[in-house]
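As the structure is a computational prediction, the values presented were derived from the model and not from experiment.
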Amino acid sequence: MRRHPHRGEAGREVSAAPPSERGAEVGRRIGVGLMYGLFKPRVLGAWKVPATGPVILAVNHAHNVDGPMVMGVAPRPTHFLIKKEAFVGPLGRFLGAIGQVEVDRATADRTAITRALSVLDEGGVLGIFPEGTRGGGDFASLRAGLAYFAVRSGAPIVPVAVLGSTEKHGRLIKALPPLRSRVDVVFGDPFPAGDGSGRRTRKALDEATVRIQERLTAHLENARRLTGR
């Protein structure tokens with residue numbers, strides 16, 4: 001059955017076709033060059049990311065550089081759910097070309113949901129900022145989307161803590177961390193979101209969200225101990 005696009009901002013069509021895996025690999029290679037060229041990433045636990053099969057990376061979000069940083073240091077190409085406001089002009093076309101998924105956070109964006117699930121159905125890696133927006137980066141408030149994708153797909157969640165991106169501002173570009181500064185990225189142990197019953201009810205999702213928040217918070221605390229941040 002043919003998948004139809006829906007109308008995005010300013011009437012722009014957003015395709016429901018699966019994001020490009022090849023594009024995400026290109027994005028990963030670009031991220032490697034940029035992140036290691038501009039900063040000094042220290043990556044811990046990347047080996048914990050399953051080498052094959054569907055995976056969800058749950059990343060804390062305190063700075064705009066967090067997504068590109070994870071994209072560049074993750075061992076597999078990653079498709080991030082990114083707010084539609086970023087998909088404007090050349091940047092929007094670039095994000096689409098490297099396999100990122102546009103999402104309208106103000107609605108139940110069925111196109112974004114379909115595309116994100118297709119990443120997992122095809123054994124890919126989906127990146128999610130479970131807090132929904134940039135904030136304290138402490139997993140203090142989670143939206144239900146992460147639990148839905150994890151329970152719906154059965155994909156394990158790998159918690160990811162990005163630390164150091166907000167400690168100082170750069171001299172040349174205030175919106176970025178200082179050039180050649182150290183940013184730590186700590187990957188945690190994968191875990192299932194569901195309780196093993198296969199239930200997808202609202203109660204099951206609420207319970208899964210509580211379990212997920214506990215695991216993500218514990219990982220962040222452990223990451224801070226490991227890195228001294």
Side-chain angles (χ1 to χ4, degrees), residues 27-28 31 34-36 38-50 55-83 85-86 95 100-101 103 105 116 119-120 125-150 155-170 175-178 181-193 205 208-229:
R28 190 183 73 84
L34 283 176
M35 294 301 104
Y36 281 94
L38 295 174
F39 311 110
K40 293 181 179 180
R42 180 172 64 170
V43 184
L44 303 175
W47 57 270
K48 295 180 180 180
V49 178
V55 179
I56 298 174
L57 301 184
V59 186
N60 68 323
H61 194 22
H63 195 287
N64 283 331
V65 80
D66 297 341
M69 180 64 68
V70 173
M71 193 182 303
V73 304
R76 295 173 60 185
T78 304
H79 306 267
F80 268 97
L81 280 170
I82 299 176
K83 62 183 180 180
E85 289 83 359
L95 291 173
Q100 306 311 293
V101 181
V103 60
R105 297 176 299 174
V119 168
L120 299 171
V125 180
L126 182 66
I128 295 180
F129 300 113
E131 295 159 289
T133 186
R134 190 172 72 252
D138 54 5
F139 296 123
S141 177
L142 303 192
R143 292 193 173 190
L146 174 56
Y148 172 80
F149 287 119
I157 296 172
V158 172
V160 186
V162 182
L163 302 172
S165 58
T166 61
E167 288 182 353
K168 297 179 181 179
H169 296 293
L176 293 177
S181 63
R182 196 186 82 199
V183 178
D184 293 323
V185 183
V186 185
F187 293 85
D189 294 316
F191 65 92
L205 292 179
T209 298
V210 172
R211 287 193 296 271
I212 291 169
Q213 186 166 27
E214 290 173 350
R215 293 292 295 264
L216 297 186
T217 301
H219 171 68
L220 183 59
E221 292 174 354
N222 184 56
R224 285 172 172 160
R225 284 195 296 270
L226 285 173
T227 61
R229 301 187 113 145

To the closest 0.5 Å, what do you measure between [atom1] ([X]) and [atom2] ([Y])?
X      : Y      : atom1 : atom2 : result
Asn222 : Thr227 : CG    : OG1   : 9.5 Å
Glu221 : Leu226 : CD    : CG    : 12.0 Å
Leu44  : Phe187 : CG    : CZ    : 9.5 Å
His61  : Glu131 : NE2   : CD    : 8.5 Å
Leu57  : Thr78  : CG    : OG1   : 5.0 Å
Leu34  : Met69  : CG    : CE    : 10.0 Å

Residues forming a side chain to side chain donor-acceptor pair (under 3.5 Å) with Arg76, sequence neighbours excluded:
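Expected list: none.
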For a 4.5 angstrom cut-off between non-hydrogen side-chain atoms, does Leu216 reach Pro130?
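With C-beta onward as the side chain, the pair touches.
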With a 3.5 Å distance limit and no angle check, can you tell me whether [X] reaches the backbone of [Y] through a side-chain donor-acceptor pair?
X      : Y      : answer
Arg182 : Phe39  : no
Thr217 : Gln213 : yes
Asn60  : Val162 : yes
Gln100 : Ile82  : no
His219 : Val186 : yes

How close do Ala208 and Ala147 get, counting heavy atoms only, and between which atoms?
CB-CB, 4.1 Å
Under the criterion side chain to side chain contact (heavy atoms under 4.5 Å, CB included), I'd like the reasoning laid out for Val158 against Phe191: C-alpha separation, chi angles, the key distance, then a yes or no.
CA-CA 7 Å; Val158 172; Phe191 65 92; over 6 Å; no
So, using ring pair (Phe, Tyr, Trp, His ring centres under 6.0 Å) as the criterion, who are the partners of Phe80 when residues are at least two apart?
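Listed in chain order: Phe129.
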Determine whether Val183 and Arg42 satisfy the following criterion, side chain to side chain contact (heavy atoms under 4.5 Å, CB included), listing intermediate values before the conclusion.
CA-CA 6 Å; Val183 178; Arg42 180 172 64 170; over 6 Å; no
Given the rule in the side chain to side chain contact (heavy atoms under 4.5 Å, CB included) test, do Val119 and Val125 qualify, once you have shown the distances and angles that lead to the verdict?
CA-CA 7 Å; Val119 168; Val125 180; 5.8 Å; no
May I have the step-by-step check of side chain to side chain contact (heavy atoms under 4.5 Å, CB included) for Glu85 and Arg105, ending in yes or no?
CA-CA 10 Å; Glu85 289 83 359; Arg105 297 176 299 174; 4.0 Å; yes
